[in-house]
Amino acid sequence: FLFTTEGLRRIEVPSDAEFRGMHGDDVLLYLQSDWATGNETFNSGSLVSFDLPGFLAGRTLVRTIYQPEERTSFVSVMSAKDFIVVSTMENVQGRLTIFHSEGDKWMEDPVPVPEFGTVSLVSSDDQTDDYFFSFSNPVTPATLYYGDGSKITVLKKQKEYFNSEGIEVNQYEAISKDGTAIPYFV
């Protein structure tokens with residue numbers, strides 16, 4: 001619901017869609033089920049934007065920001081001034097992507113995070129393009145990064161408890177009896 005000068009108005013979105021914030025005039029929604037609106041269907045697991053002023057004016061405009069593939073999934077989202085930062089899992093590896101709204105589409109730019117680890121969004125500022133995330137993997141202690149949309153910088157790293165020089169993390173897959181590929185790290 002939205003409080004307007006005419007009183008409460010129901011926002012016409014699926015009841016199981018998760019509100020994930022705002023970016024400008026767009027409501028960010030994480031879909032828990034397929035959503036058919038107009039001539040389009042937006043898939044469960046997708047992150048979409050919903051144009052709130054357009055809805056209030058009688059037009060429904062929904063745009064896909066992120067749609068998962070077979071071995072990917074949405075994790076979280078943060079809004080900065082000129083873009084949003086989306087955290088995803090791709091074959092059990094953390095990924096970050098910056099999405100810019102351009103016309104009727106969201107354009108994506110991958111953020112070059114280290115491989116084979118966990119990426120967690122920490123904080124952002126919707127008045128600037130500043131954002132923070134953490135990264136860790138079996139040989140890299142938790143590390144805090146700062147990003148501004150053009151580069152990322154290490155700000156702080158937890159103490160290293162062993163010398164990881166020369167140690168690599170590699171990903172492999174085991175195939176189960178039913179043919180499912182199960183990723184693991186060594």
Side-chain angles (χ1 to χ4, degrees), residues 2 11 13-14 16-32 35 42-55 61-69 71-160 164 169 171 183 185:
L2 180 67
I11 300 175
V13 299
D16 63 350
E18 293 181 10
F19 173 78
R20 291 298 180 108
M22 298 285 298
H23 181 71
D25 291 333
D26 288 320
V27 177
L28 305 178
L29 299 170
Y30 176 45
L31 301 181
Q32 301 301 302
W35 179 17
F42 299 92
N43 296 331
S44 173
S46 295
L47 180 68
V48 299
S49 63
F50 177 79
D51 176 33
L52 191 56
F55 169 74
L61 175 61
V62 180
R63 298 179 295 157
T64 300
I65 300 169
Y66 169 80
Q67 180 172 312
E69 296 174 1
R71 299 187 79 175
T72 65
S73 63
F74 169 80
V75 176
S76 61
V77 61
M78 293 187 308
S79 184
K81 180 180 177 187
D82 295 322
F83 54 83
I84 62 173
V85 184
V86 175
S87 171
T88 60
M89 290 293 287
E90 181 180 314
N91 198 25
V92 297
Q93 292 188 49
R95 300 281 189 245
L96 280 187
T97 307
I98 289 176
F99 288 88
H100 300 268
S101 178
E102 293 184 15
D104 63 347
K105 293 187 180 202
W106 286 90
M107 306 307 288
E108 65 181 89
D109 293 313
V111 177
V113 299
E115 290 186 310
F116 306 120
T118 302
V119 176
S120 301
L121 295 176
V122 175
S123 180
S124 67
D125 179 0
D126 64 2
Q127 301 299 307
T128 70
D129 286 335
D130 298 334
Y131 68 95
F132 300 87
F133 69 93
S134 66
F135 173 84
S136 65
N137 72 19
V139 297
T140 305
T143 305
L144 179 65
Y145 286 82
Y146 161 80
D148 64 4
S150 61
K151 66 182 181 327
I152 59 172
T153 306
V154 172
L155 293 182
K156 191 168 188 168
K157 183 186 272 192
Q158 284 186 340
K159 177 182 174 185
E160 294 192 20
S164 63
V169 177
Q171 183 176 10
F185 298 93

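Proximity of a side-chain donor or acceptor of E108 to a complementary backbone N or O of F99 within less than 3.5 Å is not detected. Here the side chain of S124 pairs a donor or acceptor atom with the backbone of S79 at under 3.5 angstrom. Using modelled atom types, no side-chain atom of S101 and backbone atom of W106 make a donor-acceptor pair closer than 3.5 Å. Side-chain N or O atoms of Q171 include one that pairs as donor or acceptor with a backbone N or O of N91 at under 3.5 Å.
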* **Criterion side chain to side chain contact (heavy atoms under 4.5 Å, CB included) on L52 and I11, from CA distance to verdict** => CA-CA 9 Å; L52 191 56; I11 300 175; 4.1 Å; yes
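Inspection of the T140 and N137 side chains reveals an N or O donor paired with an N or O acceptor under 3.5 Å.
For Y146, the ring-ring contact (aromatic ring centres under 6.0 Å, His included) partners are F132, not counting sequence neighbours. In this structure, the side chain to side chain contact (heavy atoms under 4.5 Å, CB included) partners of E102, at least two apart in sequence or on a different chain, are H100, M107. Residues passing the salt bridge (charged side-chain N to carboxylate O under 4.0 Å, His left out) test with D125: none are found, sequence neighbours excluded. Residues forming a ring-ring contact (aromatic ring centres under 6.0 Å, His included) with Y131 (at least two apart in sequence, or on another chain): none. Residues forming a side-chain hydrogen bond (donor to acceptor under 3.5 Å, both in side chains) with D126 (at least two apart in sequence, or on another chain): none.
For the pair V62 and V13, the minimum side-chain heavy-atom distance is 4.5 Å or more. Taking 4.5 Å as the limit, every side-chain heavy atom of S136 sits out of range of all side-chain heavy atoms of P141. With a 4.5 Å cut-off on side-chain heavy atoms, Y145 and P114 count as touching. Within the 4.5 Å cutoff, the side chain of F133 has heavy atoms near those of the V113 side chain. Residues V85 and L121 form a side-chain contact, since some pair of their non-hydrogen atoms from C-beta on lies under 4.5 Å apart. Between T88 and T72, every side-chain heavy-atom pair lies at or beyond the 4.5 Å cut-off. Counting only heavy atoms from C-beta outward, the side chains of Y66 and T97 never approach each other to under 4.5 Å.
Closest approach of P138 to V169, counting heavy atoms only: CD-CG2, 4.3 Å. When all heavy atoms are compared, the tightest approach of S44 to P68 is O-CG, 4.2 Å. Closest approach of S46 and N43 over heavy atoms only: OG-O, 2.9 Å. Residues L31 and A17 share a closest heavy-atom pair of CD2-CB, 4.1 Å. Across P183 and V92, no two heavy atoms sit closer than the pair CG-CG2, 3.6 Å. Scanning all heavy atoms of the two residues, the minimum distance from D82 to H23 falls at C-CE1, 3.9 Å.
With I65 as reference, L47 is the one residue of V77, L47, V48 to meet the side chain to side chain contact (heavy atoms under 4.5 Å, CB included) rule.
Atom OG1 of T143 sits about 11.5 Å away from atom NZ of K156, to the nearest 0.5 Å. Atom CE of M78 and atom CG of L28 lie 12.5 Å apart (nearest 0.5 Å). Summarising the geometry, atom NZ belonging to K81 is positioned 8.5 Å from atom OG1 belonging to T128; distances are rounded to the nearest 0.5 Å. To the nearest 0.5 Å, atom CG of residue D148 and atom CD1 of residue I98 are 8.0 Å apart. Taking CG of L144 as the start and OG1 of T153 as the end, the distance is 11.0 Å to the nearest 0.5 Å.
For residues 17-31, every residue pair satisfying the salt bridge (Lys or Arg N to Asp or Glu O under 4.0 Å) rule, not counting sequence neighbours, is listed here: E18-R20, D26-R63.
Classified by interplanar angle (parallel below 30°, tilted 30° to 60°, perpendicular above 60°), the ring pair F50/W35 is tilted.
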